[in-house]
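Take a look at the structure below.
Every number for a ligand or one of its atoms is a count from 1 in the order of the listing. Both backbone and side-chain heavy atoms feed into the values below; hydrogens, waters and symmetry mates do not.
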Amino acid sequence: MDQVNQKKLEVLNNPYIMQRVEEAIVLCQPEKVTVITDALEEIQYVRELALRNREEEKLKLEGHTIHFDGFYDQGRDKENTRYLVSEKVDWGIDVNSIDKDEGLKEIKSYFKGSMKGKEMLVRFFSLGPTDSIFSIPALQITDSAYVAHSEDLLYRSNYEGFKELKGSNQFFFFLHSAGKLENNISIDIDKRRIYIDLEGNSVYSVNNQYAGNSIGLKKLALRLAIRKASEEGWLTEHMFIMGVHGRKGRTTYFTGAFPSACGKTSTAMLPGQTIVGDDIAYLKKVNGEVRAANVEKGIFGIIADVNPVDDPVIYQALTTKREIIFSNVLIKDGIPYWLGMGKDIPEKGVNYSGEWYFGKKDSNGNALDPSHKNARYTIQLEELANIDPEADNPKGVPVDGFVYGGRDSDTTIPIVESLDWNHGVFIGATVESETTAATLGKQGVRKHNPMANLDFISIPFADYIKNHLSFKDNLTRMPKIFATNYFLKDEQGDFLNAKIDKMVWMVWAEGRVHGEFDAIETPVGRIPLYEDLKSLFLQELDRDYAKEDYIKQFSLRIDKYLEKMERMQNIFSNITMTDSSFIKELENQIERLEKAKQEFKETIVSPYSFH
Ligand code: SPV
Ligand code: MN
């Protein structure tokens, strides 16, 4: 490290930072070390470095670049993401772990010399707004300028904030190396590892590039923050934050947790509404209110199906000049193309498989899509016309509603309000969702995904739930809790709703917060009246909403719900729930469903039966 860079570290006056950087240098043996402060020209340097070392290439429109991840590195690698533990843990959920000494030894052997001939970047960020009750300082070391560039779009730069640490070790630490590269692609995929040291607030990630694996501040920090939040009595959630604009010019803030690729971003981007964040939220109680802040300041969003009809705001942003990193889409003549963009896709081009042509097959003989289903764009929220004016408020925004949703083709109704807080926690904790391309492995498999956070829960599941249950204590402004399901199908396998129908569900929920709509109490919660939805469909979407559609969408499939509860019983009977009120919720839910089944003697009960 030259003197200029050394000096930048020294002024932080923090032995822990020094130690981290020095250890990383000894281990990874970079050719050069560059420390980046908050100065704009240094951030510009990172942008240019990504182009110079060809991790990104310029596209036709100004500010647009393309980055490709390896063919086998197109989603989060759950299998090779492990907690480093000193003794075996039983958290009541599937936990991928490895003995700490053994794991550290293994991963260090992969980091050894991994930055030879490369430049190490040392970066300082804040999770959450800087200078706020939410901020957690985060130190990232990486040899990937793409990773560092992405982090500049997604997180708040915070070199100055590290001075305020006054020498303490209260920061998260992430070490990443893309490892050995060929044509700028990590080639040691069999040695891809992501190891999480909870006690050391550190994550080590090697031999990968896909952002969900490589970017420390995204899903790796999420795991560290869930533990910290649980210890300190606040919440770290896989949630969007949005302003829903209701009557009389009011803005009501909602947070919403959905598994990856299940409509989280598109909900936060609904036309006429405003976005605070689309992926990760910190929630704290302040003076009896729930306040939420976006951990990030940008979007790493799924690009498939972004088109002028379904996602007009993002589509407009993605097709005009501004700073955007496209990843794993199809490129032809400097123009990006993706699945479901509402436009013809060229017959050939370049994608994550190299030269692509229509009909190209993978080694199993399956046709290769022109762009990957998990192809993405990275953009700053400030580029979007619908950014909420409070998006950067260090105090966060006041939250009046939580929404939980999964990809559920046969059970859950489109929108329902929980009976109370504990029932809401129960609804969140029992989300099931069919797997998507956001993680490696088979798609379409129904999985229990509590609070859409299962992949990231880093504490015993009972503690996680207990923290949710007790979060209501001392609240004077109690958020309502809702569940949505955008993916319900009929017997023929056709979706019962259009994508944009979520607009009506959100506006209905907003009205409920302000006591504006009546609801029908059913065994699974409170559901909308047909008349209210009819007028909302007309008002929001200019569409006639037929009574038969309402009946199909909101009839309770009692047997399906009971089957789900049986699956939940199987899961929860293996977990020692420290807060018995949760198990009570499960028992009550089953009882209410059984009672309805007996009373109506039908397996599918019309909403009108509950009047
Ligand atoms: C998700 O998969 O939930 C994402 C993208 O938000 S990733 O960075 O892969 O986590
Ligand atoms: Mn996510």
Side-chain angles (χ1 to χ4, degrees), residues 67 69-70 72-81 125 127 138 140 142 144 146-151 153-155 174 176 192 194 196 203 205 208-226 236-242 255-269 275-282 294-306 314 325-329 352 372-379 381 403-407 431 433-441 443 447 449-458:
H67 162 83
D69 299 303
Y72 299 103
D73 193 22
Q74 295 286 319
R76 276 187 280 113
D77 180 0
K78 290 187 355 179
E79 206 167 303
N80 288 305
T81 303
F125 293 103
L127 292 154
Q140 168 87 62
T142 179
S144 164
Y146 158 71
V147 165
H149 179 202
S150 299
E151 286 180 332
L153 301 187
L154 295 173
Y155 304 97
F174 307 99
H176 168 258
R192 173 173 55 206
I194 299 143
I196 302 152
V203 184
S205 171
N208 63 67
Q209 293 167 298
Y210 172 67
N213 296 322
S214 61
I215 292 187
L217 279 84
K218 206 166 190 36
K219 293 312 198 297
L220 313 185
L222 176 55
R223 294 168 167 96
L224 302 181
I226 285 176
T236 293
E237 297 301 316
H238 192 199
M239 279 177 162
F240 71 66
I241 309 169
M242 72 184 291
T255 61
F258 296 63
S260 311
C262 293
K264 189 150 50 75
T265 306
S266 58
T267 305
M269 294 290 283
I275 182 167
V276 177
D278 89 314
D279 198 34
I280 306 168
Y282 291 162
N294 183 13
V295 170
E296 313 182 286
K297 66 159 177 112
I299 300 183
F300 175 59
I302 293 181
I303 202 164
D305 294 331
V306 172
I314 314 179
I325 309 173
F326 292 87
S327 49
N328 308 319
V329 294
Y352 67 103
H372 196 274
K373 286 198 178 63
N374 195 32
R376 302 241 173 191
Y377 58 89
T378 306
I379 191 171
L381 282 169
V403 187
Y404 291 107
R407 185 179 287 262
V431 165
S433 197
E434 289 138 31
T435 50
T436 67
T439 52
L440 304 177
Q443 293 173 36
K447 288 247 165 80
N449 194 347
M451 277 79 180
N453 225 354
L454 184 70
D455 289 354
F456 318 109
I457 294 177
S458 51

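Under a cut-off of 6.0 angstrom, the local environment of CD in Gln443 is crowded, with over 12 non-hydrogen atoms contributed by other residues, nucleotides or ligands.
Across the listed options Lys219, Lys218, Arg76, Lys219 owns the non-hydrogen atom lying nearest to atom 6 (O) of ligand 1.
Residue contact check for ligand 1: His238 places a non-hydrogen atom closer than 4.0 Å to it.
Asp279 has its closest N, O or S atom to the Mn ion (ligand 2) at the position named OD1.
Between the side chains of Asn208 and Asp77, no donor N or O sits under 3.5 Å from an acceptor N or O. Side-chain atoms of Arg76 and Ser260 form a donor-acceptor pair, as typed in the model, at a separation below 3.5 Å.
The shortest contact between atom 3 (O) of ligand 1 and any protein heavy atom is with Ser260 OG, 2.4 Å. Looking from atom 9 (O) of ligand 1 to the surrounding protein, the closest heavy atom is Tyr210 OH, 2.8 Å.
Ion pair Asp279/Lys264 flagged as a salt bridge, since at least one NZ, NE, NH1 or NH2 atom sits closer than 4.0 Å to an Asp/Glu carboxylate oxygen.
With contacts defined as side-chain heavy-atom distances shorter than 4.5 Å, the pair Gln74/Tyr210 does not qualify. Here the side chains of Lys78 and Asp455 are in contact, with some heavy-atom distance below 4.5 Å.
Residue Phe300 approaches ligand 1 through these ligand atoms, each under 4.0 Å from one of its heavy atoms: 5 (C), 8 (O). Residue Asp279 approaches ligand 1 through these ligand atoms, each under 4.0 Å from one of its heavy atoms: 6 (O). For ligand 1, the atoms closer than 4.0 angstrom to any heavy atom of Gly212 are 7 (S), 8 (O), 9 (O). Near Ala438, the atoms of ligand 1 lying under 4.0 angstrom from a non-hydrogen atom of the residue are 2 (O).
Note on Lys264: not counted as a metal contact of the Mn ion (ligand 2), no N/O/S atom lying under 2.8 Å.
Between Tyr352 and His372, the ring planes are perpendicular. Angles over 60° get that label, and only those under 30° would be called parallel.
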